[in-house]
Amino acid sequence: MRRYDSLIIAAAIVVLGGLLSLVLADYRLRLLNVSVISAIAVIGFNFAFGLAGLISLGHAAFVGLGAYTLAILTTALGWSPWLAIPVAILVTTVFAGMIGYPLLRLRGHYLALATLGLNVSFTIVVTNWITLTGGTNGISGIPELRLGGFAFNDERRFLWLGLVLLALCAAFAITLQRSRHGRAMMAVRDDETAARMTGIDVTRVKITALCLSAAFAALSGTLFAAHVRFVAPEDFNYAHSIIYLAMLIVGGEGAVAGAVIGAALLTFLPEWLRFLGDAYLAFFGLMLLAILVFLPTGLVGLTGRLRRLGWGAKVERTP
Amino acid sequence: MTLLQATAISKRFGGLMALSEVDFTVAPGEFVAVIGPNGAGKSTFLNVLTGLTLPSAGNVQFDGRDITRAPTHGRIRAGLGRTFQHGRLFSRLSVLENVMTGAAIRTDRSESQLREASLGMLDRMGLADEAKRPIDSLSYGQRRMVELCRALACGPRVLLLDEPAAGLNSGEVELLMARLIALRAEHELAVVLIEHNMGMVMRLAERILVLNFGCRIAEGTPAKVQSDPAVLSAYLGEGYNNARD
Ligand SMILES: Nc1ncnc2c1ncn2[C@@H]1O[C@H](COP(=O)(O)OP(=O)(O)OP(=O)(O)O)[C@@H](O)[C@H]1O
Ligand SMILES: [Mg+2]
């Protein structure tokens, strides 16, 4: 059964999302698109934070770098978005690899602070490098995505594209997580010394995890840019990094399904709780706290916990 | 012929000489024990051999290559293996997955080959039934055995064991000894055993190195070491006196 998890999750995303795309309308469809785009970024973040244990608070900078690269290539240079997407992913991944070497010497809180600094620097650069990024005015006029005569130019059509990409990302992430590479990342987070002692090159595994997380972030960023067709600095400031972190923790760190569930939940929650008004943030904070304390493995951890209850009962019966 | 050779290893922690000019060799397939009182520098010595700490002086050679400053993972890939005094497993991975991380040292193995090799190793160590269990559901003795499996799955030529019998009950110690003997019979596996359990050391070791305050105070066959006056006063003396009481 575990062997087919990646297919099951990919199918669930396409089928469930596809059904929702038919019944939902307007603003909800837009939120669903935002969920899907965020989910891709959070799946990436799971490699760095959930698997390898890198406490990064700069994930939104990678999303932003992907988005801005696409925006600049398509508007200033007139590239096709389909060509700009892989180039944006490549640029962001190489950038992550380059900053990874000095950055990953830091651990825990120091790494968190340094990546937070990276995110703040990113915002400062895109705000002030006006000739390239348009400063606070951002970049508009990003072309729509189209396949032949079919343009992904309304919320429903864009969602179909997003769902297919999300399903592919989820299946790929699950396969990778269940491979030797995923186990190596988890080993590094659990015990670096023991990981070294099983022949794992810890530095390389950490950099790979950071690069993977950046690649997914960049894809998410390019989709964001192609969806809104406009990018501005505040879309990628450090607050978004914290939201990605919250999405992963609520859904369940270490699990791809958790990343998707967390992204959807935290995108829709402000809508569902609009009646709370200003009290929403207080509620949100308390909910996060409750999950950290009572459900440290997030919402997907609930299923594991139930399964283990059944399993524990079986063990008790054996003499 | 020597496989692992440490020459004049010294290690200083501030004002403390944890190791002073220790020489040590291991031949292929040899079983060597390293003993000494608490704080003698035994674990520090293994840390130097595996690259977790760099020596202040001296050098380490493995299979004819100088590995004094080589990274730990490189030494493991070259054929060193080690378990820890205080058990270090990957707590988020299952028993099988822990062993598979070790087996993955061979990059040419497919996922199913990794699984098979690891299951085979668990089976040989009597842990086949525990393969799917999470680490936190194992007994202390089982955990130590899983750690041994993980180290063995890396296919080492020299296996360094830091007090593998600590915390095991007498039945488990017997089992551990029987399995170590069987392993050595099958592969040409050299073992370096750090152990406070003298019964185990005397039965298994072909040669014993005795450390005290970071210095080598004796080395030789179990019979020779047992009657060495320096050893008797530093270490075994207490043990024997206690045993006689
Ligand atoms: N990282 C370190 N920093 C400072 N001192 C250390 C460090 N590691 C070990 N020491 C000291 O070096 C000495 C040797 O320690 P080591 O752990 O090697 O002894 P051991 O022979 O393994 O003892 P035991 O039988 O208790 O395991 C001890 O005095 C210890 O306090
Ligand atoms: Mg020790």
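Remember, predicted model here, so these are calculated numbers, not experimental data. Chain letters run A, B, ... following the sequence lines, proteins first, then strands; residues in each count from 1.
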- Item | Residue B:Arg115 excluded, over 12 heavy atoms near CZ under 6.0 Å | no
- Message: Tell me if the OH atom of B:Tyr140 is crowded by more than 12 foreign heavy atoms within 6.0 Å.
- Response: yes
- Item | Heavy-atom proximity to chain A below 4.5 Å, by part of B:Arg106 | backbone
- Message: Could you tell me if the side chain of B:Glu111 sits less than 4.5 Å from the side chain of A:Arg178, heavy atoms only?
- Response: no
- Message: Heavy-atom count check: over 12 atoms from other residues, nucleotides or ligands less than 6.0 Å from B:Phe24 CZ?
- Response: yes
- Message: With a strict 4.5 Å heavy-atom criterion, list every residue of residues 81-89 of chain B that contacts chain A, or say none.
- Response: B:Arg82, B:Phe84, B:Arg88
- Item | Part of residues 58-78 of chain B lying next to chain A, heavy-atom separation under 4.5 Å | B:Thr72, B:His73, B:Ile76, B:Arg77
- Scan residues 253-264 of chain A for pairs that pass side-chain hydrogen bond (donor to acceptor under 3.5 Å, both in side chains), counting only residues two or more places apart or in two chains. A:Arg189-A:Glu253
- Among B:Leu80, B:Thr101, B:Ile105, which has the most heavy-atom pairs under 4.5 Å with chain A? B:Thr101
- Task: Taking heavy atoms only and a threshold strictly under 4.5 Å, list by residue number the residues of residues 191-209 of chain A that touch chain B; give 'none' if the list is empty.
- Result: A:Asp191, A:Thr193, A:Ala194, A:Ala195, A:Arg196, A:Met197, A:Thr198, A:Gly199, A:Ile200, A:Asp201
- Task: Verify, without hydrogens or angle tests, whether B:Arg92 (side chain) and A:Leu51 (backbone) share a donor-acceptor contact under 3.5 angstrom.
- Result: yes
- Can you tell me if A:Arg180 uses its side chain to pair, donor with acceptor, with the backbone of B:Leu114 under 3.5 Å? no
- Item | Contacting moiety of B:Leu93, where chain A heavy atoms sit under 4.5 Å | both
